[in-house]
Enquirer: 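One structure is given below, represented as structure tokens, and several questions about it will come after.
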Amino acid sequence: MADSKPLEGKTAVVTGSTRGIGRAIAEALARDGARVVICSRHRDDVTQTVAAMKSQGLAASGIPCDVSSSKDLEALLQHAVQTWGKVDIWVNNAGVSGGFRPLTALSEPEIDRIIAINYSGTLKACRMVIPYFIKQEGGILFNMSGKGGEGAASPMMTAYASTKSAVVSLTRSLARENRKHPVSIHVISPGMVRTDFYKTGRPEGQPKSTEYVFKAIGVPAEAVGRMVARAAAQKPGEATGKSYSAISGWRLVRGMTLLAWYRLTGKLRTSRQ
């Protein structure tokens, strides 16, 4: 019989994990036996999320953390080690979008924040966590891609997309740099997930046809969580530099078929309505 708790005894840190994809990943890891460390910038959100997970019988702890701050990241790692003894899995999930707006509509502070959270925060966490994993002779690191991550044009989301492209490049480079060590460094491509990213992302810039795209290729956050949990069960260092996509197999075939149908029937157009 397959082990029902493949992550038993493992500790996982998931940034930006009080809601959306991050929370789904944290809960999936915990259900597979991991002890999970929750974080976000808001203490109340962390407290409520940890309590909710514990009420489900899941092992969780957490502290507030602004991932753009090296000091906060170091405190997060220290909390995980002091609470659970070690860290085996680290997921750089925290991110902000700036919404569906042209680059010229974003203020300089907004641009700085997008870069600080999405890219610099990921870079700083990698710089901190990889030496820790090397020293303990094992660890798995996941970085979060997103729209534009593979370099495709992403109008109305230029700042966000460019940071995700940078994260993908960062991940592949780090995987190559550290391939002699028992450390796995991978990219997660969650696909189009119905989270606050879309609910609060300045919908005036969002095409009305986006709803049809969701129907075709939308991915439940829980599916992303399960994918990450399965990947987290691998032996550290056995594989590295992989990209795990939640849009594949039957989901991809079904989605492409529906998109073709929506275009044929005029429900899905490339221009804003």
Side-chain angles (χ1 to χ4, degrees), residues 12-26 29 36-41 62-80 87-98 110-134 139-151 154 157-178 181 183-191 193 195 197 224-225 227-228 231-232 240-246:
V13 176
V14 185
T15 68
S17 46
T18 59
R19 64 184 67 189
I21 295 172
R23 182 158 178 172
I25 291 173
L29 292 170
V36 177
V37 176
I38 300 297
C39 83
S40 82
R41 287 178 291 165
I63 60 171
C65 176
D66 182 340
V67 300
S68 68
S69 165
S70 295
K71 182 178 179 181
D72 277 17
L73 286 168
E74 289 164 3
L76 181 63
L77 177 58
Q78 184 178 19
H79 166 85
V87 174
D88 305 281
I89 303 155
W90 187 287
V91 184
N92 284 316
N93 168 76
V96 293
S97 73
E110 286 177 311
I111 292 172
D112 289 344
R113 192 66 179 163
I114 291 169
I115 295 171
I117 297 293
N118 297 0
Y119 180 66
S120 296
T122 298
L123 186 71
K124 291 174 183 178
C126 289
R127 182 175 179 270
M128 176 188 70
V129 172
I130 291 172
Y132 171 84
F133 282 161
I134 292 173
I140 300 175
L141 172 65
F142 295 105
N143 291 330
M144 189 66 65
S145 183
K147 186 172 177 60
E150 293 299 327
S154 300
M157 295 184 66
T158 301
Y160 171 87
S162 61
T163 62
K164 290 304 180 180
S165 181
V167 165
V168 171
S169 176
L170 166 70
T171 306
R172 290 172 177 167
S173 296
L174 287 174
R176 185 70 62 87
E177 279 182 17
N178 295 281
H181 301 294
V183 178
S184 295
I185 305 170
H186 301 302
V187 173
I188 297 297
S189 298
V193 181
T195 63
F197 180 96
V224 180
M227 179 182 71
V228 175
T240 193
K242 293 183 66 175
S243 179
Y244 291 90
S245 175

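All figures in this text were calculated on a predicted structure; none of them were measured in a lab.
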Enquirer: Tell me, do V37 and H79 make a side-chain contact under 4.5 Å, heavy atoms counted?
Expert: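 Yes. Closest side-chain heavy atoms under 4.5 Å.
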Enquirer: Using a 3.5 Å distance criterion without hydrogens, assess whether the side chain of Y244 forms a donor-acceptor pair with backbone atoms of V224.
Expert: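 Here the side-chain-to-backbone pair does not exist.
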Enquirer: Quick check for you: to the nearest 0.5 Å, what is the distance between I185 atom CD1 and E177 atom CD?
Expert: 8.0 Å
Enquirer: Could you tell me the separation between the OG1 atom of T122 and the CG atom of L174, rounded to the nearest 0.5 Å?
Expert: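 Atom-to-atom, T122:OG1 and L174:CG are 10.5 Å apart.
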Enquirer: Are the side chain of S154 and the backbone of M157 linked by a donor-acceptor contact shorter than 3.5 Å?
Expert: no
Enquirer: State, to 0.1 Å, how close L73 and A125 come at their nearest heavy-atom pair, and which atoms those are.
Expert: CD1-N, 3.8 Å
Enquirer: Under the side chain to side chain contact (heavy atoms under 4.5 Å, CB included) criterion, do C126 and N143 qualify, and how do the steps go?
Expert: CA-CA 9 Å; C126 289; N143 291 330; 3.6 Å; yes
Enquirer: Is the shortest side-chain heavy-atom distance between N178 and T240 below 4.5 Å?
Expert: no
Enquirer: Side chains of P190 and M144: does their closest heavy-atom pair fall under 4.5 Å?
Expert: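 Side-chain contact under 4.5 Å: yes.
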Enquirer: Are the side chain of T171 and the backbone N or O of V167 linked by a donor-acceptor pair below 3.5 Å?
Expert: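 It does hold such a pair.
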Enquirer: I'd like to know if the side chain of K124 and the backbone of S68 have a donor-acceptor N/O pair within less than 3.5 Å.
Expert: yes
Enquirer: Between L123 and L170, does the side chain to side chain contact (heavy atoms under 4.5 Å, CB included) criterion hold? Intermediate values first, please.
Expert: CA-CA 8 Å; L123 186 71; L170 166 70; 3.3 Å; yes
Enquirer: Between atom OG of S189 and atom NZ of K164, what is the distance when rounded to the nearest 0.5 Å?
Expert: 10.0 Å
Enquirer: Is there side-chain contact between W90 and M128, with at least one heavy-atom pair below 4.5 Å?
Expert: yes
Enquirer: Indicate yes or no: at least one non-hydrogen side-chain atom of C65 is less than 4.5 angstrom from one of V67.
Expert: yes
Enquirer: Taking all heavy atoms of A26 and all of V36, pick out the closest pair and write down the distance.
Expert: O-CG2, 3.5 Å
Enquirer: Rounded to the nearest 0.5 Å, how far apart are OH of Y119 and OG of S169?
Expert: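 Between Y119 OH and S169 OG, I get 7.0 Å after rounding to 0.5 Å.
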Enquirer: Identify the heavy atoms of V187 and S145 that sit nearest to each other, and give their distance.
Expert: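 Reported closest heavy-atom pair: CG1-CB, 3.5 Å.
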Enquirer: Side chains of F142 and V228: closer than 4.5 Å at any heavy-atom pair?
Expert: yes
Enquirer: Would I188 and M227 satisfy side chain to side chain contact (heavy atoms under 4.5 Å, CB included), going step by step from the backbone distance to the final call?
Expert: CA-CA 9 Å; I188 297 297; M227 179 182 71; 3.8 Å; yes
Enquirer: Are side-chain heavy atoms of L77 and V13 found at a separation under 4.5 Å?
Expert: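 They are not in contact (no side-chain heavy atoms under 4.5 Å apart), so the answer is no.
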Enquirer: Which distance, rounded to the nearest 0.5 Å, do you find between the CD1 of I89 and the CD1 of I140?
Expert: 5.5 Å
Enquirer: Taking it one step at a time, do I114 and S97 satisfy side chain to side chain contact (heavy atoms under 4.5 Å, CB included)?
Expert: CA-CA 7 Å; I114 291 169; S97 73; over 6 Å; no
Enquirer: If you take all heavy atoms of T15 and A94, which pair is closest and at what distance?
Expert: OG1-N, 3.0 Å
Enquirer: In the structure I gave you, are the side-chain heavy atoms of R113 and N118 within less than 4.5 Å of one another anywhere?
Expert: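 SC-SC contact between R113 and N118 ruled out.
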Enquirer: For the ring pair H181 and F133, is the centre-to-centre distance below 6.0 Å?
Expert: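 No, ring centres 6.0 Å or more apart.
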Enquirer: Under a 4.0 Å N-O cut-off, is there an ion pair linking E150 with R172?
Expert: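 Salt bridge present between E150 and R172.
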Enquirer: Any salt bridge between K71 and D66, counting N to O under 4.0 Å?
Expert: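 No, no charged N to carboxylate O under 4.0 Å.
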